[in-house]
Amino acid sequence: MGTPYRSGAFKRSNDSTRLVITTIMGMVFGYFVGISFPSVSLTKINLPSSLISTLDYAFNDDHRRAIERTFPENLGSGSTPLTPKIYVPSNPRGAESLPPGIVVSESDFYLRRLWGEPSEDLTKKPKYLVTFTVGLDQKYNIDAAVKKFSEDFQILLFHYDGRTTEWDQFEWSKRAVHISVKKQTKWWYAKRFLHPDVVAAYDYIFIWDEDLGVEHFNAEKYMQLVKKHGLDISQPGLEPNNGLTWQMTKRRGDREVHKDTEEKPGWCSDPHLPPCAAFVEIMAPVFSREAWRCVWHLIQNDLVHGWGLDFALRRCVEPAHEKIGVVDSQWIVHQVIPSLGNQGQPENGKAPWEGVRERCRNEWAMFQDRLSNADKAYFAQHGKTRV
């Protein structure tokens, strides 16, 4: 009887031992699985397909809702993108698919910060843009000129000699805009950097040479007279004894502004046409925003010197003999410094300036031919006779 008893007790002891060992092994296994689980991808765990589908749906649903909040017009009830339905033909070309409220078609040269609120960037917005095409040799002349303009005037320098950092010796230069491309003219720069939409923030645009004496010029008074006399295109009067080509731009000492003149016999077929009226030179013109929108399109992309433009400016304002004039009481001196001419290249025994001058004359003839041909083509197409 004793033997069966001992045998039963031994069996129960073995069962208890196996249970303890199994429990310990399960705990150890669970521990290692637990600490390794965060680094294990769900796709590497052999989970039931129904569970994976549920997890995928939950993730994708959250993602879809986020997209719908950001781009509500691009997604329908499902996840298939829809074609945008916005089309605004009056938007600028290329922006027809945008809602008008997000379209920004115009810009400016206002300098902005890299931090803070955009609405707080500008403590003052200049009303006018003044551009000079410059080389470092004329820095003191430009310094004197810039000091004639208040904070209402934004300064933009086009550098034809590639030297820009040296201008930082002037405090105003640190607030100016600098654009540098070697051996180019102001009309080359104007065509590429002064698009009407880029300068739309400014009421008037000055496009000046670097060799102008400004001792007798006051910018604020000049703008007052331009507005008073309704000039959309103007220039300061020129000192009679320096660099004078046309009688129209000669300063008159007995008035604020003049809009016409008398030239040599035979030069003016009509007293309301250039060079007797509706005329300023290209050395120091000032354009209203509206006039510049037209003049910019008149500038030819490949004719960089601008010769001939002065005779065609009248196309951009009406009546031209009233809207174009010379401000006599704020006058300048043309110093006639051939600095840009020296940027040319000697060829066939000619000095650099001679090659530049020859191209100027050739461009003038080319511009006249293009304008004449454009007129003829227009009137022929529309069955009209040129007046």
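For the single chain, residues carry numbers from 1 onward in sequence order. Because the structure is a prediction, the values reported are computed rather than measured. Atoms considered below: every heavy atom in the structure, side chains included; atoms not considered: hydrogens, waters and symmetry mates.
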Would [X] and [Y] show up in the same hydrophobic cluster when neighbours are defined by side-chain heavy atoms closer than 4.5 Å?
X: V88; Y: V104; answer: no
X: W364; Y: W187; answer: yes
X: L371; Y: M366; answer: yes
X: I205; Y: V177; answer: yes
X: V198; Y: I299; answer: yes

Ignoring hydrogens and angles, write down the donor-acceptor pairs under 3.5 Å from the side chains of residues 260-279, residues two or more places apart or on other chains.
from, atom 1, to, atom 2, distance (Å)
T261, OG1, R252, NH2, 3.0
E263, OE2, Q247, N, 2.7
D270, OD1, H272, N, 2.8

Can you confirm whether more than 12 heavy atoms, excluding those of K227, are under 6.0 Å from its NZ atom?
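Correct, the count exceeds 12.
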Surrounding CD of E166 (heavy atoms of other residues, nucleotides or ligands, distance under 6.0 Å), is the total greater than 12?
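Atom CD in E166 is crowded, with more than 12 foreign heavy atoms closer than 6.0 Å.
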Side chain to side chain, [X] and [Y], heavy atoms closer than 4.5 Å:
X: V226; Y: V286; answer: no
X: T249; Y: M283; answer: no
X: Q169; Y: K139; answer: yes
X: P236; Y: W208; answer: yes
X: R315; Y: D375; answer: yes
X: Y222; Y: S234; answer: yes
X: W307; Y: I282; answer: yes
X: I207; Y: L194; answer: yes

At their closest point, which heavy atom of [X] faces which heavy atom of [Y], and how far apart are they?
X: L157; Y: W167; result: CD1-CE3, 4.0 Å
X: L122; Y: K125; result: CD1-CE, 3.7 Å
X: V134; Y: D161; result: O-OD1, 4.1 Å
X: F132; Y: A145; result: CZ-CB, 3.8 Å
X: R175; Y: L111; result: O-CD1, 3.3 Å
X: Q300; Y: R370; result: OE1-NH1, 3.2 Å

Using the rule given for side chain to side chain contact (heavy atoms under 4.5 Å, CB included), can you reason through E239 versus I332, listing the C-alpha separation, both sets of side-chain angles and the distance that settles it, and then say yes or no?
CA-CA 6 Å; E239 164 60 43; I332 59 176; over 6 Å; no
Y202 and F287: ring-ring contact (aromatic ring centres under 6.0 Å, His included), yes or no, with the steps?
CA-CA 10 Å; Y202 308 100; F287 303 96; over 10 Å; no
Just grab all the side-chain hydrogen bond (donor to acceptor under 3.5 Å, both in side chains) pairs involving residues 290-299, residues at least two apart or on different chains.
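Matches after skipping sequence neighbours: D197-R293.
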Inter-residue atom distance [X].[atom1] - [Y].[atom2], 0.5 Å rounding:
X: K148; Y: L212; atom1: NZ; atom2: CG; answer: 13.0 Å
X: Q138; Y: Q335; atom1: CD; atom2: CD; answer: 7.0 Å
X: L244; Y: E281; atom1: CG; atom2: CD; answer: 7.0 Å

Salt bridge (charged side-chain N to carboxylate O under 4.0 Å, His left out) contacts in which one or both residues fall within [range], not counting sequence neighbours:
range: residues 318-331; answer: K259-E322
range: residues 92-108; answer: none
range: residues 184-193; answer: K186-D209

Determine which pairs satisfy disulfide (SG to SG under 2.5 Å) with at least one residue from residues 305-334, sequence neighbours left out, and list them in order.
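Listed once each, the pairs are C294-C316.
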Side chain to side chain contact (heavy atoms under 4.5 Å, CB included) with [X]: which residues, sequence neighbours excluded?
X: S180; answer: H159, T164
X: D152; answer: K124, K127, Y128, S150, E220
X: A219; answer: F149, F153, F217
X: Q184; answer: V181, W188, Y189

How is the hydrophobic cluster of V103 composed, in terms of its other members, when Ile, Leu, Val, Met, Phe, Trp and Tyr link through side-chain heavy atoms under 4.5 Å apart, directly or indirectly?
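Members alongside V103: L98, I102.
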Side chain [X], main chain [Y], donor-acceptor under 3.5 Å:
X: Y110; Y: P126; value: yes
X: H382; Y: Y378; value: yes
X: D232; Y: A291; value: no

Electrostatic pair D143:K147 at N-O distance under 4.0 angstrom
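Looking at K147 together with D143, the answer is yes, because their closest N to O distance falls below 4.0 Å.
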Between D203 and R289, is the closest basic N to carboxylate O distance under 4.0 Å?
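Between D203 and R289 there is a salt bridge, with a charged N closer than 4.0 Å to a carboxylate O.
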Would you say the side-chain atoms of H178 and S173 include a donor-acceptor pair closer than 3.5 Å?
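The criterion, which ignores hydrogens and geometry beyond distance, is satisfied for S173 and H178.
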For F170, which residues count as a ring-ring contact (aromatic ring centres under 6.0 Å, His included) partner, sequence neighbours excluded?
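F170: ring-ring contact (aromatic ring centres under 6.0 Å, His included) contacts with W172.
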Please lay out, stage by stage, how K228 and E256 fare under the test side chain to side chain contact (heavy atoms under 4.5 Å, CB included).
CA-CA 10 Å; K228 175 182 176 180; E256 291 181 336; 3.0 Å; yes
Using side chain to side chain contact (heavy atoms under 4.5 Å, CB included), reason through F206 and I155 one step at a time and then give a plain yes or no.
CA-CA 10 Å; F206 291 62; I155 304 300; over 6 Å; no
Could you give me the CA-CA distance, side-chain angles and deciding distance for V356 and H305, then say whether side chain to side chain contact (heavy atoms under 4.5 Å, CB included) is met?
CA-CA 9 Å; V356 172; H305 291 288; 3.6 Å; yes
